[in-house]
Amino acid sequence: MRYWLMKSEPASFSLDTLKACPKKTTMWDGVRNYQARNFLRDEFERGDLAFFYHSSCEEPGIVGIVEVVKEAYPDPTALDPENHHYDPREKAEAPRWFVVDVKLKRALKRTIGLAELKTHEALAGMRLLATGNRLSVMPVSAEEWRYILALE
DNA sequence: GCCAACGTTGGC
DNA sequence: GCCAACGTTGGC
């Protein structure tokens with residue numbers, strides 16, 4: 001079982017949005033980056049845990065923990081011309097984009113902010129903190145996971 | 001709103 | 001296969 005970090009802009013999908021979903025479960029759609037896609041498609045397994053991260057907002061940071069409850073399947077939004085994430089190149093018989101289902105395990109007691117994460121030497125190697133990192137789905141090591149949760 | 005960093009596209 | 005142009009991400 002592995003650990004991950006998944007970014008979402010709260011203006012479009014926040015922790016509260018997830019809380020309000022039936023069974024607190026959602027299809028994690030709209031990933032349109034190959035590296036992130038490869039993680040979702042090839043490496044995400046049922047039972048994996050991920051930090052839910054708020055980006056592009058007042059206080060970017062980790063706000064919750066989600067669990068992978070369904071492994072990769074084709075992203076239906078890629079085939080839907082009405083959808084913001086529509087990709088005209090997508091073919092149902094040879095899907096390019098994938099989703100997983102995640103369920104909210106719990107909200108953190110507080111936001112562990114990006115600025116705070118940056119102050120910890122132990123986290124200096126985190127992918128999230130690498131300059132220019134734009135991946136919306138990325139692995140977190142077990143050591144980083146434990147360390148961050150201890151900050152809560 | 002700015003802009004650095006990066007991924008993707010497309011001409012050659 | 002190179003690389004310039006372009007679009008996007010995301011912190012500030």
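The chains referred to below are lettered A, B, ... by the order of the sequence lines, with proteins before strands, and numbering in each begins at 1. Below, each value reflects all heavy atoms present in this structure, side chains not excepted, and no hydrogens, waters or symmetry copies.
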With [X] via side-chain hydrogen bond (donor to acceptor under 3.5 Å, both in side chains) - residues at least two apart:
X: Trp4(A); value: Asp48(A)
X: Arg37(A); value: none
X: Glu144(A); value: Ser141(A)

Short N/O separations, protein against nucleotides 8-11 of chain B, under 3.5 angstrom:
{"unit_1": "dT9(B)", "atom_1": "OP1", "unit_2": "Arg89(A)", "atom_2": "NH1", "d": "2.5"}

Of all of residues 114-133 of chain A, which get a heavy atom below 4.0 angstrom from DNA chain B, listed by number? Thr131(A), Gly132(A)

Can you pull the side-chain hydrogen bond (donor to acceptor under 3.5 Å, both in side chains) pairs that have at least one residue in residues 99-108 of chain A, sequence neighbours excluded? Tyr73(A)-Asp101(A), Arg106(A)-Glu152(A)

Selection residues 113-127 of chain A - residue pairs positive for side-chain hydrogen bond (donor to acceptor under 3.5 Å, both in side chains), sequence neighbours left out: Arg110(A)-Glu116(A), His120(A)-Tyr147(A)

Which residues pass the ring pair (Phe, Tyr, Trp, His ring centres under 6.0 Å) test with Tyr53(A), not counting sequence neighbours? none

Quick one: list whatever passes ring pair (Phe, Tyr, Trp, His ring centres under 6.0 Å) with Phe98(A), sequence neighbours left out. none

Without placing hydrogens or testing angles, list every side-chain donor-acceptor pair under 3.5 Å for residues 17-32 of chain A, not counting sequence neighbours.
{"unit_1": "Thr17(A)", "atom_1": "OG1", "unit_2": "Ser14(A)", "atom_2": "N", "d": "2.9"}
{"unit_1": "Thr17(A)", "atom_1": "OG1", "unit_2": "Ser14(A)", "atom_2": "O", "d": "3.4"}
{"unit_1": "Thr17(A)", "atom_1": "OG1", "unit_2": "Ser14(A)", "atom_2": "OG", "d": "3.0"}
{"unit_1": "Thr25(A)", "atom_1": "OG1", "unit_2": "Lys23(A)", "atom_2": "O", "d": "2.7"}
{"unit_1": "Arg32(A)", "atom_1": "NE", "unit_2": "His85(A)", "atom_2": "O", "d": "3.0"}
{"unit_1": "Arg32(A)", "atom_1": "NH1", "unit_2": "Asp75(A)", "atom_2": "OD2", "d": "3.0"}
{"unit_1": "Arg32(A)", "atom_1": "NH2", "unit_2": "Asp75(A)", "atom_2": "OD2", "d": "3.3"}
{"unit_1": "Arg32(A)", "atom_1": "NH2", "unit_2": "Thr77(A)", "atom_2": "OG1", "d": "3.1"}
{"unit_1": "Arg32(A)", "atom_1": "NH2", "unit_2": "His85(A)", "atom_2": "O", "d": "2.9"}

Quick one: hydrophobic cluster around Trp97(A), which other residues, with the 4.5 Å side-chain cut-off, linked directly or via members? Tyr34(A)

Measuring from atom CE of Met126(A) to atom CE of Met138(A), what distance do you get when rounded to the nearest 0.5 angstrom? 7.5 Å

Just to be sure I understand the geometry, which residues of residues 9-19 of chain A put a non-hydrogen atom under 4.0 Å away from DNA chain C? none

